[in-house]
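Everything below concerns the one structure shown next.
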Amino acid sequence: MIFLEPSFLALAVAFIAVTAWPMPEAWFRLVLGGFSLAFLALCLGPAQIALLGGFVATGFAATYLARRQGWRAAGPGLVVILAEFALVKTAGLLPLPVDLAGVAGVLGLAYVLARMVHLLVDTASDPGGTPPVTAGRYLLFTLNFLTFLSGPLQRWPDHLAAMADRQPAGEAARLAALGRILLGYVKILFALPLCDALHDWLVLQATAPVIAGIDLGALAARLLGPEGPGVAAVSFHIMAATIFPIRLYLNFSAYMDVVIGIGRLAGPRVPENFDHPFRADCLLDFWTRWHITMSRWYQDYVFTPLVTALHRRWPSPRAMELQAMAGTFVTFLAVGLWHDVSLRFLAIGLLIGLGMIWNRGWRWGLRAALGTGGWRRLKARGWYRAVSAVSAYLFLSGFVAAFTWLYGGAPMPDVAPGPLAVLALLPAALWVLAGGLVWRAGSAWADGRFVPRRVSPRACFGFAVAICALVMVAALKSEPIPEFIYAGF
């Protein structure tokens, strides 16, 4: 991970030191732009920087023309931008002398694309209502080093407001920001290895399920017959798959903790991307808490326009839920292709979209059967929320398991399908329920624990020393540090 390298820490410390003093907005933009260029020089070669500059310049030219000619210029510009993005994402198929994929792998190019598309569409839709776009402000909006990898899809007006309202952090805010950075490093250096160790142990148990001297395979054979060992193996595989969403969250949120903390120390606020996703009660709730800015972006630019167009074409109140299901399905297909232009990620979007449609259909059916009041009373019951949460997480886990078996190189469990195979979900469901209770209690306890009650310069200094020590630990570790998973998108 780039932010675990001493060079990134030095860049961040220098940036915080320079921006610790009040300065005019123009000067701050100049400083932020200079450090963003330094980050680019640190991560990319000259040819890659030139290609990235060309990509961003295309977006600026399209936006500039859209302000004067509306969709007549924005439409072709949008097609060109998407074509350039697809070229980068499929660069491995072309014999090109420049590593185009390296640009996406360092910067998270899809996030840059989303910001460019957002500004282009808004400018074409309402040229007079969108704040003017200059070249310098556009570069800072798309290539701000605090948002290269973290992916908060900040809107253009929000970005301008953050720059204009920027204030250096006070003592209490400084301590909270340092605690946030420290939390990010703790996640990546301690929590992630624990997740990996638990995952490997569960996979090992799938091949030889012996715990505390008890042969679970033989026990399952006695209880279930010939299918028993296979059911036990699949149970452990699913339990291992439940670790991946947590691992992905720790990996992604750790980077968010670091860049949000740096942003708060420097002044401008970086948007939050997570709202305790594993406290969600259903699949729909999960996706409103996970990667929040991306979810809102797709809601505003894909889901809402599509559903609105369908409702105008078929303005029937009875069809509104079906139209929402269609919009949800198409939105998640787009999300899959946003991650990667490939059949694999198209399949991912398809499967998640089907899960979301099932969730919406289930709610719709229960509301129709029980009435609005009965549906609200059922949702308020603790047992129903627990069953919904476990079902949603098992869907995610089963999806992850199938994905790793098909595309990740994981060995397919050697089990013959049979009527008893569904029993593999029972221990996995109990595992998810117990883990969810522990996670909720632990995350609620951890909220704010990285900020001591007493604010003092000594506490700030101690947090800063702890951060530097963790970065040094990362530099000295013999085991490879896990890469930032979302960087490749």
Side-chain angles (χ1 to χ4, degrees), residues 1-5 8-9 11-20 28 31-32 35-36 39 107-108 111-112 114-115 140-155 158-163 165-189 191-192 248-278 289-297 443 446-451 455 460 463-464 466-468 470-471 474 484-487 489:
M1 282 189 173
I2 181 64
F3 67 91
L4 287 173
E5 296 179 4
F8 178 83
L9 181 63
L11 185 75
V13 169
F15 175 67
I16 293 169
V18 172
T19 57
F28 177 75
V31 169
L32 181 57
F35 276 93
S36 298
F39 181 85
L107 299 179
Y111 306 127
V112 179
R115 287 190 284 271
L140 203 58
F141 175 62
T142 53
L143 300 181
N144 177 347
F145 89 98
L146 293 177
T147 60
F148 274 148
L149 290 180
S150 59
L153 304 181
Q154 196 173 30
R155 306 301 176 87
D158 296 337
H159 166 77
L160 296 179
M163 295 293 107
D165 300 337
R166 173 254 172 194
Q167 294 290 336
E171 193 171 80
R174 191 180 304 127
L175 190 60
L178 287 169
R180 189 72 180 267
I181 297 172
L182 180 62
L183 176 62
Y185 284 117
V186 168
K187 284 179 180 179
I188 199 66
L189 292 175
L192 265 177
L248 184 60
Y249 167 76
L250 291 172
N251 184 284
F252 195 177
S253 66
Y255 188 87
M256 285 301 307
D257 290 333
V258 173
V259 296
I260 285 176
I262 293 173
R264 289 181 180 176
L265 288 172
R269 295 187 67 86
V270 178
E272 293 285 354
N273 243 359
F274 294 97
D275 179 20
H276 302 290
F278 299 117
R289 296 168 175 264
W290 179 277
H291 208 336
I292 297 170
T293 58
M294 186 193 75
S295 298
R296 290 175 180 170
W297 191 94
S443 59
D447 284 347
R449 292 285 176 172
F450 279 81
V451 181
V455 178
C460 291
F463 272 35
I467 292 169
C468 293
L470 288 177
V471 174
F484 178 54
I485 296 175
Y486 268 74
F489 302 137

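This chain uses plain numbering: 1 for the first residue, then up along the sequence.
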Pair Glu272 + Arg296: basic N to acidic O under 4.0 Å: no
Nearest 0.5 Å, please: how far is CZ in Phe39 from CG in Leu143? 11.0 Å
Shortest non-hydrogen contact from Ala254 toward Gly184: CB-O, 3.4 Å
Anything under 30° is parallel, anything over 60° is perpendicular, the rest tilted; go ahead and classify Phe274 against Phe252. perpendicular
To the nearest 0.5 Å, how far apart are NZ in Lys187 and OH in Tyr249? 4.0 Å
CG on Leu146 to CG on Leu32, rounded to 0.5 Å: 6.0 Å
Heavy-atom closest pair (Val259 atom, Val270 atom, distance to 0.1 Å) is O-CG2, 4.0 Å
Indicate the atoms forming the closest heavy-atom contact of Ile260 with Pro271, along with that distance. CD1-O, 3.9 Å
Can you classify the ring geometry of Trp290 versus Phe278 as parallel (below 30°), tilted (30 to 60°) or perpendicular (above 60°)? perpendicular
Just do the side chain to side chain contact (heavy atoms under 4.5 Å, CB included) check on Asn144 and Gln154 with the steps written out, would you? CA-CA 11 Å; Asn144 177 347; Gln154 196 173 30; 5.8 Å; no
Would you say that Phe35 contacts Val31 through its side chain, given a criterion of any heavy-atom pair below 4.5 Å between the two side chains? yes
Which pair of heavy atoms, one from Arg264 and one from Ala177, lies closest together, and at what distance? CB-CB, 3.9 Å
How long is the straight-line distance from OG1 of Thr293 back to CZ of Arg115, given to the nearest 0.5 Å? 9.0 Å
Value rounded to 0.5 Å, distance of CD1 in Ile262 from CZ in Phe145: 6.0 Å
If I take atom CG from residue Leu178 and atom CG from residue Leu183, how far apart are they, to the nearest 0.5 angstrom? 12.5 Å
Smallest separation among heavy atoms of Met163 and Phe28, with atom names: SD-CE2, 3.8 Å
Indicate the atoms forming the closest heavy-atom contact of Pro277 with Arg289, along with that distance. CA-CB, 3.6 Å
Would a 4.5 Å heavy-atom cut-off, applied to side chains only, mark Asp257 and Ile181 as touching? no
